[in-house]
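The block underneath contains the structure these notes are about, expressed in structure tokens.
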There are 2 protein chains.
Amino acid sequence: MSQGSGKTPSKRPLTLRDVSEASGVSEMTVSRVLRNRGDVSEATRSKVLEAARALGYVPNKIAGALASSRVNLVAVIIPSMSNMVFPEVMTGISQILDDTELQPVVGVTNYKPEREETVLYQMLSWRPSGVIIAGLEHTEAAKAMMGAAGIPIVEIMDTDGEPIDSAVGISHRRAGRKMAQAIIDAGYKRIGFLGTKMPLDHRARKRFEGFTEILAKAGLEIADSEFYSGGSALAKGREMTEAMLQRNQEEPLDFLYYSNDMIGAGGLLYCLDNGIDVPGEIGLAGFNGIEFLDGLPRKLATMDACRVEVGRAAAEIIAKRVENPDAPGGEIITLEPSLEFGDTLKRKKKPL
Amino acid sequence: MSQGSGKTPSKRPLTLRDVSEASGVSEMTVSRVLRNRGDVSEATRSKVLEAARALGYVPNKIAGALASSRVNLVAVIIPSMSNMVFPEVMTGISQILDDTELQPVVGVTNYKPEREETVLYQMLSWRPSGVIIAGLEHTEAAKAMMGAAGIPIVEIMDTDGEPIDSAVGISHRRAGRKMAQAIIDAGYKRIGFLGTKMPLDHRARKRFEGFTEILAKAGLEIADSEFYSGGSALAKGREMTEAMLQRNQEEPLDFLYYSNDMIGAGGLLYCLDNGIDVPGEIGLAGFNGIEFLDGLPRKLATMDACRVEVGRAAAEIIAKRVENPDAPGGEIITLEPSLEFGDTLKRKKKPL
DNA sequence: CATGTATATGTTAACGCTAACAGATTTGCC
DNA sequence: GGCAAATCTGTTAGCGTTAACATATACATG
């Protein structure tokens, strides 16, 4: 047995015409039945559905989209799929879009602006109903394309800047400030920073900027910093932490701020393995609030970037604008990241 | 400033005709230039490209696909995005497709067969050039659709069964057997199993079957088992491990086999936290070979499911068949998962 | 210079579907 | 019974692009 369940294993793909002939009504009526649009008598409806099922007909959305100039796709353009943050955003987006006719299509840029431009071009060439794209920083060409596309654009994850149209996210600068303030308030003074070597991760950069800004106001500065790229983040967190603690033995650090929870977790495990008192001797904090932290021996301090919520809000904006095309647009939603102190960011015991 | 860089912020979307008029050649020639197809003089080529850029024209793939009946999309249908295994498969797929005209489109089923059927129907209605779908188990309707689609279908992750067309993956039954054998060879006897409560995760089921089969041959059986659903896998791994060890104190277990590395890691952390000697007092093993295991205090024994490689091989099959449509098909590639003993599956010291 | 070959451009007719409108049939109601 | 309204079905003409073929121009070659 090679293929098909029908009688003729025909090479020619099925069209509305086939269903129309099989059920004895016009193509238009078949189209109406298959889309639940307009009035069709119950008799013909079931006749048509029966014929369609029997033939194994699957409508051709390409043709449908062209004819109706409605393409129910939402382009979602994100830098990466592998760090757990964007899958969660996707979850939020799906939660909303699953209740609509809209379907997300994902493109990944690997944090490369020129790749983002290409992906965007590819996506727009499908004439989607909307675009959800990570970040506010894009090439001029990309911005121009989005501006001219005539569809709702939602830039997500970040609100520190000028969006093209709408934006949903948190202020990373503010997140950095908030964390710095909490660390200072807890009495830590010699602070190390560990992050990714990514000049193009603008959000990490903004957090860093906000962070140092507040330190500066308190007369402090980053005592040491270290950056990595590639490899297992957990293992890198370990290595970097070890290296940093080693080289600061004379004047030891009392806090380590990690640019993401994964390396933070690595650092935490390193400290515990080596009998370092956390948070007494040294405090730790990451960023993101990824769920797996719950299973760690001690809960890492972190800041939740509201990822699911960002996805939901972005999708909602698109859905609303698709339903009501002449709504205003330009909506900006700034979510407030919550700081979770966990077990690793606690006021040091005052000397008695 | 509201939108667009062009002169007329026209409402009507741009078409080939606009570029054609702007550059003074026929639509056909514009089409040829934009697709690099056929001979076009250097003069007109640049004239057209110039006009297209100036207008900000983006080709309409919907119309192009309909006219050429070539849709360069590959439908990728997977159960989940959130467990790190499918993102890696996606990486493999992208590695190959990035060198072709093909573009992946992802659909997520959440392990629900009826959802898989819907997603498949949606995908097929875009008339993709091929389908990559996880698993060999599908509803009858889904199988029929794929059989009748007339495009290459690659079922991935599993080769224990009858594929519709091609298949790439590992034998999970064999993986389970292999792990069981290694555990037995190492001298462990009282074995507990910890997994997900998912009757629809056929691959986990097959591993379990293979596992118990070999135990049976050695006159052993699973001493205890526990299943979870939802929540942070790492935390669940801890909890389940604790529960299981607690209730088997009289006749203690000496090995725990986890259905995935995440809960395995949780179990490992639990054991280490509680001063349990791993692998002397108790051995541990997971499944998958996820990269982050590298950062754990001790390396968990696991079995690599060759995820990137599976993605690459599947994409290659599709790419080959798209290039050469009358190639045979029906290819089946069984990869051999490698068993990594790590630090948690070691022959117990023989009593002196 | 006629003729063939390569190069460059244009013309026509789909691709499979749906919007918009036009008929046809039934129903309600005075 | 007659006429409007409601219900159902069909016809026509694209949607924006490309395949296939037709035409035009340049460039050799004997």
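Reckoned from all heavy atoms, side chains included, excluding hydrogens, waters and symmetry mates. This structure is a prediction, so every number in the text was calculated from the model and none was measured. In what follows, every chain begins at residue 1, and chains take the letters A, B, ... in the order their sequences are listed.
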Has [X] got a side-chain N or O lying under 4.0 Å from the OP1 or OP2 atom of [N]?
| X | N | value |
| --- | --- | --- |
| B:Thr44 | C:dT9 | yes |
| B:Ser41 | C:dT7 | no |
| B:Ser68 | D:dA19 | no |

Can you check the [X] [atom1] to [N] [atom2] distance for me, whole Å?
| X | N | atom1 | atom2 | result |
| --- | --- | --- | --- | --- |
| B:Arg37 | D:dT17 | CZ | P | 15 Å |
| A:Arg70 | C:dA19 | CZ | P | 5 Å |
| A:Glu21 | C:dG16 | CD | C1' | 14 Å |
| A:Met28 | D:dG10 | CE | C1' | 10 Å |
| B:Asp39 | D:dT25 | CG | P | 17 Å |
| A:Arg17 | C:dC15 | CZ | P | 10 Å |
| A:Asn60 | C:dC17 | CG | C1' | 8 Å |
| B:Glu27 | D:dA19 | CD | P | 15 Å |

What is the minimum heavy-atom distance between A:Asp158 and A:Ala167, and which atoms define it?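 Smallest interatomic distance, heavy atoms only, reads O-CB, 4.4 Å.
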
Tell me the closest heavy-atom pair linking A:Met157 and A:Ala134, and the distance in Å.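 Between these two residues, the closest heavy atoms are CG-CB, 4.3 Å.
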
Is it true that A:Glu316 and A:Lys320 make a salt bridge, defined as a side-chain N closer than 4.0 Å to a carboxylate O?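 Judged by the 4.0 Å cut-off on N to carboxylate O distance, A:Glu316 and A:Lys320 do not form a salt bridge.
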
In terms of side-chain geometry, is the basic nitrogen of A:Asp39 or A:Arg45 positioned less than 4.0 Å from the acidic oxygen of its partner?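 Looking at A:Arg45 together with A:Asp39, the answer is no, because their closest N to O distance does not fall below 4.0 Å.
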
Does the D:dG16 base have a donor-acceptor partner in the side chain of A:Arg127 within less than 3.5 Å?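 No, the side chain and the base share no sub-3.5 Å donor-acceptor pair.
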
Contact class for B:Arg35 vs. all strands (heavy atom < 4.0 Å): base, sugar-phosphate, or nothing?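 The residue B:Arg35 makes sugar-phosphate contact but no base contact.
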
